[in-house]
Novice: 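Below you'll find the structure I mean.
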Number of protein chains: 2
Amino acid sequence: MALPHTILAALNTGAQSGYDLLKGFSSGSGCFWQATQQQIYRELSKLEEQGLVVPEVVPQDGRPDKKLYSITSEGQALLREWIAQPSKPTPIREELMVKVLAAHLVDPQIVIDELQRRQQQHQEQLEAYQALWECVGCANLSDLSMPLQCKCMTLRRGIRYEQSWVDWCEESIVWLRAV
Amino acid sequence: MALPHTILAALNTGAQSGYDLLKGFSSGSGCFWQATQQQIYRELSKLEEQGLVVPEVVPQDGRPDKKLYSITSEGQALLREWIAQPSKPTPIREELMVKVLAAHLVDPQIVIDELQRRQQQHQEQLEAYQALWECVGCANLSDLSMPLQCKCMTLRRGIRYEQSWVDWCEESIVWLRAV
DNA sequence: TTGACATACTCAACAAGTTGAATATAGCAT
DNA sequence: ATGCTATATTCAACTTGTTGAGTATGTCAA
């Protein structure tokens with residue numbers, strides 16, 4: 001799985017604590033991996049054991065000490081190797097689709113309500129991504145630094161993904177209403 | 001998780017053995033859940049314990065006996081209840097996006113090759129879905145039976161999903177070539 | 001001053017998903 | 001005759017991901 005690599009990739013742009021990583025994951029902005037507190041701390045310990053990251057304890061006043069983790073050259077090497085290997089499309093596990101598949105068992109209105117709820121969620125995420133995209137506001141990525149260009153590509157993926165959901169929900173609601 | 005419900009939904013349209021379910025999952029056609037052999041058999045045992053499915057041993061000549069599982073009325077009731085409950089969007093875990101995020105660490109050509117591979121995979125899946133869609137070949141779903149309409153909705157989702165990937169890969173390859 | 005919220009980390013236990021192998025029968029090609 | 005593919009199921013061990021609680025400290029508002 002890619003959790004260790006995701007953490008290494010996040011640390012690659014600067015040292016972070018477990019807490020920082022958690023916030024980065026949950027705020028999401030263009031991130032295509034997420035993890036809970038427990039997974040992150042567990043994984044950081046493992047990465048430290050393997051020498052792929054090194055911690056630095058930073059005393060803070062008024063707050064608990066924090067452990068700032070940095071990626072090591074071994075960590076970077078591992079990340080580079082991993083990127084070069086081909087990866088398969090993620091298998092899809094979409095609850096909503098299973099429900100739609102068996103939707104004929106229940107009142108169509110129940111499914112319509114659910115689809116409207118989902119459409120709104122995806123619409124909101126779409127708008128958040130679009131806002132970020134407009135912040136960058138440039139026609140050709142070449143004007144940006146490479147790391148920022150990479151970030152933008154994931155942002156474009158997010159926009160397309162959310163848009164495809166919004167459109168599908170719209171279409172499906174219309175169809176279900178006609179039943 | 002939705003594995004038990006997915007199995008119940010699959011059995012809802014007719015009795016199947018573990019092996020049949022596995023083939024249904026792996027052939028995929030519009031399916032938005034997948035599972036390994038082990039998961040399926042394990043889950044079928046649990047569902048049997050709970051009285052949500054009942055097995056019927058069918059002796060076959062020349063082949064091992066098969067156990068055909070049917071959904072019970074309890075199973076159907078559970079499925080109906082589950083469908084009525086709201087579900088959250090699936091959290092995304094996309095290895096390729098993590099790689100793209102850290103792509104600046106490696107030669108752009110490596111990433112371009114990977115994107116082309118992925119684009120082709122999604123293109124093939126898209127064409128498979130489109131072929132199924134053209135088999136149905138009707139402008140308004142209302143002409144179809146409800147279960148078939150439901151199936152079609154998931155198929156439309158699949159088409160939009162794969163198309164969004166193909167388009168994004170295309171766009172990203174163009175950008176990366178400009179680097 | 002009590003409670004809510006944010007920072008910061010740890011431990012324990014369980015559920016879900018993955019990997020690998022073992023068992024058994026039959027057909028088909030080399 | 002040997003190995004490969006397909007049908008059909010089961011067991012064991014492991015890694016990931018989820019859930020819930022527990023330990024600290026400080027700020028801000030009611």
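Residue numbers begin at 1 in each chain, while the letters A, B, ... track the order of the sequences.
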Novice: Using atom CD of A:Gln34 as one end and atom C1' of D:dT16 as the other, report the distance to the nearest whole Å.
Specialist: 12 Å
Novice: Between A:Gln130 and A:Glu134, is there a side-chain donor-acceptor contact under 3.5 Å, judged purely by atom types and distance?
Specialist: no
Novice: Nearest whole angstrom, please: distance from the P of D:dT23 to the NZ of A:Lys66.
Specialist: 24 Å
Novice: Could you state the CG-C1' distance from A:Leu68 to C:dT7, rounded to the nearest angstrom?
Specialist: 13 Å
Novice: If you compare every side-chain N and O of B:Tyr19 against the phosphate oxygens of D:dT7 (OP1, OP2), does one of them come in below 4.0 Å?
Specialist: yes
Novice: Taking for each residue the nucleotide of DNA chain C bearing the nearest heavy atom, is the 5' side occupied by A:Met1 or by B:Gln37?
Specialist: A:Met1
Novice: Return the value, rounded to whole Å, for the distance between atom CD of A:Gln39 and atom C1' of C:dC9.
Specialist: 16 Å
Novice: Whether A:Gln38 contacts D:dT18 is assessed here as follows: a side-chain N or O lying under 4.0 Å from the phosphate OP1 or OP2. Is that the case?
Specialist: no
Novice: Classify the ring geometry between A:His122 and A:Tyr161 as parallel (under 30°), tilted (30 to 60°) or perpendicular (over 60°).
Specialist: perpendicular
Novice: So do B:Ser87 and A:Arg118 actually touch side chain to side chain, heavy atoms under 4.5 Å?
Specialist: yes
Novice: Report yes if the side chains of B:Pro89 and A:Gln121 come closer than 4.5 Å at any heavy-atom pair, otherwise no.
Specialist: yes
Novice: Could you tell me the separation between the CG atom of B:Leu47 and the P atom of C:dA16, rounded to a whole number of Å?
Specialist: 11 Å
Novice: Could you state the atom-to-atom distance from CD1 of B:Ile92 to P of D:dG17 in whole Å?
Specialist: 15 Å
Novice: Please report the distance, rounded to the nearest Å, between NZ in A:Lys46 and P in C:dT10.
Specialist: 15 Å
Novice: Is the phosphate of D:dT18, meaning OP1 or OP2, less than 4.0 Å from a side-chain N or O of B:Lys88?
Specialist: no
Novice: Establish whether the base of D:dT16 is bridged to the side chain of A:Arg93 by a donor-acceptor pair shorter than 3.5 Å.
Specialist: no
Novice: Can a donor-acceptor pair be found between the side chains of A:Glu127 and A:Gln123 at a distance below 3.5 Å?
Specialist: yes
Novice: Taking only the side-chain heavy atoms of A:Thr36 (C-beta and beyond), determine which of D:dT18, D:dA8, D:dG17 contains the nearest atom.
Specialist: D:dT18
Novice: OP1 or OP2 of D:dT10 versus the side-chain N and O atoms of B:Lys67: is any pair under 4.0 Å?
Specialist: yes
Novice: Does OP1 or OP2 of D:dT7 have a side-chain N or O of B:Lys23 closer than 4.0 Å?
Specialist: yes
Novice: Taking only N and O in the side chain of A:Ser17, is any of them less than 4.0 Å away from OP1 or OP2 of C:dC9?
Specialist: yes
Novice: For A:Glu43 and D:dG17, what is the distance between atoms CD and P respectively, to the nearest whole Å?
Specialist: 8 Å
